[in-house]
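Worth knowing before you read on, the calculation uses all heavy atoms, side chains too, and leaves out hydrogens, waters and symmetry mates. Labels below follow one simple rule: chain letters A, B, ... track the order of the sequence lines, proteins then strands, and each chain is numbered from 1.
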Number of protein chains: 4
Amino acid sequence: MKKSDKHQKILNAAIKVFGQKGFFNARISDIAKEADVADGTIYLYFNNKYDILLTLFEEEIGKLITEIRAAISQKSDQREMLYIFALHHLRLVIEKKELAEVLQMELRQSGESIKEYRRTKFADYVNIISEIIRTGQENNIFRRDLKPGIIKRAFFGALDEMSRLWILNPSHKYTVEESAEAISDIFLNGIVAD
Amino acid sequence: MKKSDKHQKILNAAIKVFGQKGFFNARISDIAKEADVADGTIYLYFNNKYDILLTLFEEEIGKLITEIRAAISQKSDQREMLYIFALHHLRLVIEKKELAEVLQMELRQSGESIKEYRRTKFADYVNIISEIIRTGQENNIFRRDLKPGIIKRAFFGALDEMSRLWILNPSHKYTVEESAEAISDIFLNGIVAD
Amino acid sequence: MKKSDKHQKILNAAIKVFGQKGFFNARISDIAKEADVADGTIYLYFNNKYDILLTLFEEEIGKLITEIRAAISQKSDQREMLYIFALHHLRLVIEKKELAEVLQMELRQSGESIKEYRRTKFADYVNIISEIIRTGQENNIFRRDLKPGIIKRAFFGALDEMSRLWILNPSHKYTVEESAEAISDIFLNGIVAD
Amino acid sequence: MKKSDKHQKILNAAIKVFGQKGFFNARISDIAKEADVADGTIYLYFNNKYDILLTLFEEEIGKLITEIRAAISQKSDQREMLYIFALHHLRLVIEKKELAEVLQMELRQSGESIKEYRRTKFADYVNIISEIIRTGQENNIFRRDLKPGIIKRAFFGALDEMSRLWILNPSHKYTVEESAEAISDIFLNGIVAD
DNA sequence: GATGAATGAGACTTCATTCAT
DNA sequence: TATGAATGAAGTCTCATTCAT
């Protein structure tokens, strides 16, 4: 399809430009140039600048969910699943650096529609964690005195902060595997010495 | 002092306005109105809009560091210290809601000077955690196979994500104490059932 | 050409507005209105307000040089050439009154780039005089004890002051021909009675 | 007198600042700082920024007239007088460099009140030349077929352009004496070889 | 008279969006 | 569909002037 071709082309350009400059510092003309279309063309596919960001969230997070679910579904032990989630999440940060930057930055903005996203699409992504936790608790793998909602946030927050480090300071001190392992280990076993 | 009066008055106004609208959507005239001064007056105290944000970071984070260090210094056990850090951090989010919002949002922006802040002042704040960890490891309270740098980020990220929840969705499901306790418990003991 | 159309349209508007109000009192919106374009359009063709002035000097003085060289090249006697220069220069002041005003006024400003213009493009214009003088000296038509550089300035200054009179006080007491003749006569023969 | 003390102090500061930056680029605070008074103090002595410029013209040109008249009155031959005027004028440019710059630049502006000055006070100064010419013509020293009004402008313009050279390019190629002599020689005897 | 902090009108400039081609 | 020149609203910042002290 011609239309969806350009739609995605513009979206990819927007990921790149938003990732590099942030939403507010990005110019429509930057995106147009990156996508190799005319400025006006963008308005044939999107209502306005903000709509590009929202569409980007909607569609790209959708893809992430699909990918990460596929990866997790191959494991049966919830402890392993947690590790896989961590590994996959951190890998995405490396592989889709620019998308990760956009999500990191813009998902923190305070626009009402953004908040909506955190409550819907993005929540779906993070809820993968609480599903794992809940199942793990049902299987008596995880402690039942801890609320999955809190663990979910703590676990995601830990990964997210790690990503932020890489985004802000691209020369990694820690590898993806090492980090994924360390973080899931901390959550699974705690940091207190025996 | 008259001068520092207005300096702080403008800064407080900026915290409020930036917190509500975000840096880019905030107008100098919004801050001026909130501070009850003329637009031009702001430029007697700050070089430009961005300088307000930077000064805000510099001065307000400085205060946070002082406060939290004072709170921690009253404990001797590093496990307790971690809990106190969590408790204090989350309390600040509630008490200084607007400042927390600004830090949450704007510290994620991609401006070069912002990155600088994460590397300096803000890093000082987060490094309080790694200091605790390191001392705890020296005292054989904490496992020595985990890198303090990773624990620091994981722990701070967990708290930070929790804060974000409250900022974006002000009707708390979890109390501050409960959350601080849960998160420090997870980190100290892990989530795996015995 | 559409593009150069508007470029020149804006430049003409700028000549008019700068001529009437001076560079500093002229508003971009004045020029835009005069050129019958939107304010923003001006910035599609010029970098900033000052750039309009500089471009104006560059391009318009270029045209003057071409014109006056063409007029002079038709004479062979350097005495006549001097008269033709005077005549042509004063005619330009009448015909391109507004451009003359801009040059009169703004070329005296102290901006660094303006000084640059006096040293380059504008100097080319005035140097036409010293070329005539030098050739006249070589042909033994003019006294050789006088430095062409001084004569050049004296002659140009005389014409320039005359122009100023007309610009500041548009009701001429003296005609162009009379003035050109009188000034070249003074320079050629001096004012001392035989 | 206290009052006139500060009045002149501010005026001197204005000469310096206007001379360096031009009227429009000069700030009231620049002048205040240079005069070592508070910004507000300036408004106790002058109505507004423009009034400083006008007063400056009025008073300083008045002094020049007095000085140059005194110098001329010592000669009896109009040819010598013309030389003395040239010499004195060019000396002033060197000695009161900054005032000369202000006069050079600002007297060319197009404000209505400025035009008024050229027609009154400043005209008085230049009219010294035409008085000399007229008397010279009456004494049969100068040709009577040339209008004093034109000679006046040509002579003043020649000197003025010379001054401009020095102002824009402070490293003089020609000395004051040499220049004054050359210019009066050109006017008295013409440039045509015998 | 003197101060200088405060004011606020207004300028330049940017850039999302439109629309004639 | 696609273009990109043109638009014009709106924001940041400056600075002459005022006025309470």
Side-chain angles (χ1 to χ4, degrees), chain A residues 2-3 5-7 10 23-33 35-52, chain B residues 2-3 5-7 9-10 24-33 35-52, chain C residues 2-3 5-7 9-10 24-33 35-52, chain D residues 2-3 5-7 10 23-33 35-52:
Chain A
K2 254 234 137 87
K3 197 195 155 182
D5 250 358
K6 278 213 173 133
H7 174 92
I10 293 168
F23 177 75
F24 287 103
N25 288 319
R27 309 283 146 247
I28 286 290
S29 58
D30 295 334
I31 300 175
K33 190 177 291 175
D36 204 35
V37 298
D39 290 23
T41 304
I42 289 182
Y43 289 86
L44 298 175
Y45 296 90
F46 301 91
N47 296 323
N48 51 47
K49 189 184 174 188
Y50 196 50
D51 185 39
I52 303 176
Chain B
K2 260 237 136 76
K3 198 198 155 179
D5 252 0
K6 231 156 230 181
H7 174 92
K9 206 170 154 194
I10 292 167
F24 286 104
N25 289 317
R27 304 286 145 240
I28 288 291
S29 57
D30 295 334
I31 299 174
K33 191 176 292 174
D36 203 36
V37 297
D39 290 23
T41 303
I42 290 183
Y43 291 87
L44 296 176
Y45 295 89
F46 301 92
N47 295 325
N48 51 47
K49 191 185 170 188
Y50 197 50
D51 185 40
I52 303 176
Chain C
K2 260 235 135 77
K3 200 196 155 183
D5 252 359
K6 230 156 230 179
H7 174 92
K9 206 170 154 194
I10 292 168
F24 287 104
N25 289 318
R27 304 288 146 237
I28 287 291
S29 56
D30 296 334
I31 299 175
K33 192 175 292 174
D36 202 37
V37 297
D39 290 24
T41 304
I42 290 182
Y43 290 87
L44 296 176
Y45 296 89
F46 301 91
N47 295 324
N48 51 47
K49 189 185 171 186
Y50 196 51
D51 185 39
I52 303 176
Chain D
K2 252 232 139 84
K3 196 195 155 182
D5 248 1
K6 276 211 176 136
H7 174 92
I10 292 168
F23 178 75
F24 287 103
N25 290 317
R27 308 281 145 249
I28 285 290
S29 58
D30 294 334
I31 299 174
K33 189 176 293 174
D36 204 36
V37 298
D39 290 21
T41 304
I42 290 182
Y43 289 86
L44 298 174
Y45 296 89
F46 301 90
N47 296 324
N48 51 46
K49 190 184 172 187
Y50 196 51
D51 185 39
I52 303 176

What is the distance, to the nearest angstrom, from the NE2 atom on A:H7 to the P atom on F:dT1? 13 Å
Give the dot-bracket line for DNA chain E from 5' end to 3' end: parentheses for intra-strand Watson-Crick or G-U pairs under 3.5 Å, square brackets for crossings, | for inter-strand pairing, dots for unpaired. .||||||||||||||||||||
Please figure out whether D:D36 or B:D36 has its closest DNA chain E nucleotide nearer the 5' end.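 That would be D:D36.
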When you check the phosphate oxygens OP1 and OP2 of F:dA6, does a side-chain N or O of C:K6 lie under 4.0 Å from one of them?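 Affirmative; the distance criterion is met.
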Say you draw a straight line from CG of A:N48 to CD1 of A:I28; how long is it, rounded to the nearest 0.5 Å?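 The CG atom of A:N48 sits 8.0 Å away from the CD1 atom of A:I28.
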C:K33 side, atom NZ; C:D39 side, atom CG - distance, nearest 0.5 Å: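 Answer for the NZ-CG pair, C:K33 versus C:D39, is 9.0 Å.
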Would you verify whether the NZ or CZ of A:K6 falls within 45 degrees of the ring axis of A:Y45 while also being under 6.0 Å from that six-membered ring's centre?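 Output no; distance or angle outside limits.
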At under 4.0 Å between heavy atoms, which parts of nucleotides 12-21 of chain E does protein reach? Answer with one letter per nucleotide, 5' to 3': B base, S sugar-phosphate only, - none. SBBSSBB---
Heavy-atom closest pair, residues D:I10 and D:I31: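 What the structure gives for the nearest pair is O-CG2, 3.9 Å.
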Specify the closest pair of heavy atoms between D:D51 and D:N47, including all atoms of both residues, with the distance to one decimal. OD2-N, 2.9 Å
Side chain to side chain, A:F23 and B:F24, heavy atoms closer than 4.5 Å: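 Not in contact.
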Using side-chain heavy atoms (C-beta onward) and a distance below 4.5 Å, is C:R27 in contact with C:K49? yes
Checking B:F46 now: which residues fulfil ring-ring contact (aromatic ring centres under 6.0 Å, His included) with it, not counting sequence neighbours? B:H7
Nearest-nucleotide wise, let me know which of A:V37 and C:I42 is further upstream toward the 5' end of DNA chain F.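 Comparing both residues, the 5'-ward one is A:V37.
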